[in-house]
Amino acid sequence: ARAGQLSVTPHQLAQHNQLDDAWLAIRGKVYNVTHYLPFHPGGAEELQRGIGKDATTLFDEVHAWVNYESLLQKCYLGRLVSVDPEVDT
Ligand code: HEM
């Protein structure tokens with residue numbers, strides 16, 4: 001599947017929790033933020049707190065008003081899907 005059309009499970013998302021391989025999800029949308037990390041105005045360390053997981057709550061606690069959909073347009077990978085226990089355990 002191409003970037004922008006991926007279906008990503010929480011398990012797969014959790015594999016990308018490193019500085020050089022950083023994904024996160026906000027409101028069901030999964031982004032590869034690896035290349036955005038150095039540009040995050042709040043610092044790479046702050047953004048790092050949200051990687052490898054659904055960062056919606058964390059994101060909203062800090063800056064719900066930030067237009068992440070526009071800023072991360074080129075980083076969009078696809079949708080966060082729920083786990084099918086028969087396929088992804
Ligand atoms: C600013 C944390 C994700 C975009 C900040 C600041 C913090 C922070 C603490 C404030 C810095 C300051 O005032 O000096 C976090 C955390 C994240 C996260 C914990 C984990 C999910 C994101 C994402 C984006 C983003 C995904 C969008 C691509 C921004 C922008 C600012 C900012 C644009 C500046 C906001 C402003 O000055 O009004 N972030 N951030 N952040 N962050 Fe994040």
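Residues take their numbers from the sequence shown, with the count starting at 1. Values in this document were obtained by computation on a predicted structure and should not be read as measured data. Start at 1 and go down the list; that is how both ligands and their atoms are numbered.
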For a quick test of your reading: what N or O donor-acceptor pairs under 3.5 Å do the side chains of residues 64-71 make, sequence neighbours left out?
unit_1, atom_1, unit_2, atom_2, d
Asn67, OD1, Ser70, N, 3.2
Tyr68, OH, Arg27, NE, 3.2
Glu69, OE2, Lys29, NZ, 2.8

Near atom 43 (Fe) of ligand 1 (under 2.8 Å) - protein N, O or S atoms |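 Result, waters dropped: His40 NE2, His63 NE2.
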Residues which pass salt bridge (Lys or Arg N to Asp or Glu O under 4.0 Å) with Arg79, listed by chain and number, not counting sequence neighbours |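 Partners of Arg79 by the salt bridge (Lys or Arg N to Asp or Glu O under 4.0 Å) criterion come out as none, since no residue qualifies.
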Applying salt bridge (Lys or Arg N to Asp or Glu O under 4.0 Å), name anything that partners Asp21, two or more places apart in sequence or on another chain.
->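 Salt bridge (Lys or Arg N to Asp or Glu O under 4.0 Å) list for Asp21, sorted by chain: empty.
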Look at [atom] and say which protein heavy atom is nearest, naming residue and atom and giving the distance to 0.1 Å.
| atom | answer |
| --- | --- |
| atom 4 (C) of ligand 1 | Tyr36 OH, 3.4 Å |
| atom 36 (C) of ligand 1 | Trp65 NE1, 4.4 Å |
| atom 21 (C) of ligand 1 | Ala55 CB, 3.6 Å |

Residue part near ligand 1, for Tyr31, under 4.0 Å between non-hydrogen atoms |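 Near ligand 1, Tyr31 shows nothing, with every heavy atom at 4.0 Å or more.
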With atoms numbered from 1 as shown, which atoms in ligand 1 lie under 4.0 angstrom from a non-hydrogen atom of Leu72?
->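 Answer for ligand 1: 26 (C), 28 (C).
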Of all the atoms in ligand 1, which lie at a distance below 4.0 Å from a heavy atom belonging to Arg49?
->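 Answer for ligand 1: 19 (C).
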If you round to the nearest 0.5 Å, how far is [atom2] of [Y] from [atom1] of [X]?
| X | Y | atom1 | atom2 | result |
| --- | --- | --- | --- | --- |
| His35 | Leu37 | NE2 | CG | 10.0 Å |
| Glu46 | His63 | CD | NE2 | 8.5 Å |
| Tyr31 | Gln73 | OH | CD | 9.0 Å |
| Asn32 | Leu72 | CG | CG | 10.0 Å |
| Leu80 | Leu6 | CG | CG | 12.0 Å |

Is the closest side-chain heavy-atom distance between Leu19 and Gln48 below 4.5 Å?
->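 Counting from C-beta outward, Leu19 and Gln48 do come under 4.5 Å.
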How about atom 14 (O) of ligand 1: does it have a protein heavy atom within less than 4.0 Å?
->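 So atom 14 (O) of ligand 1 lacks protein heavy-atom neighbours under 4.0 Å.
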Would you confirm whether any non-hydrogen atom of the protein falls under 4.0 Å from atom 39 (N) of ligand 1?
->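 When distances to the protein are checked, atom 39 (N) of ligand 1 has a heavy atom within 4.0 Å.
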Okay, side chain of Gln12, backbone of Thr9: is any donor-acceptor separation there less than 3.5 Å?
->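 Indeed, once roles are kept as given, a pair shorter than 3.5 Å links the two residues.
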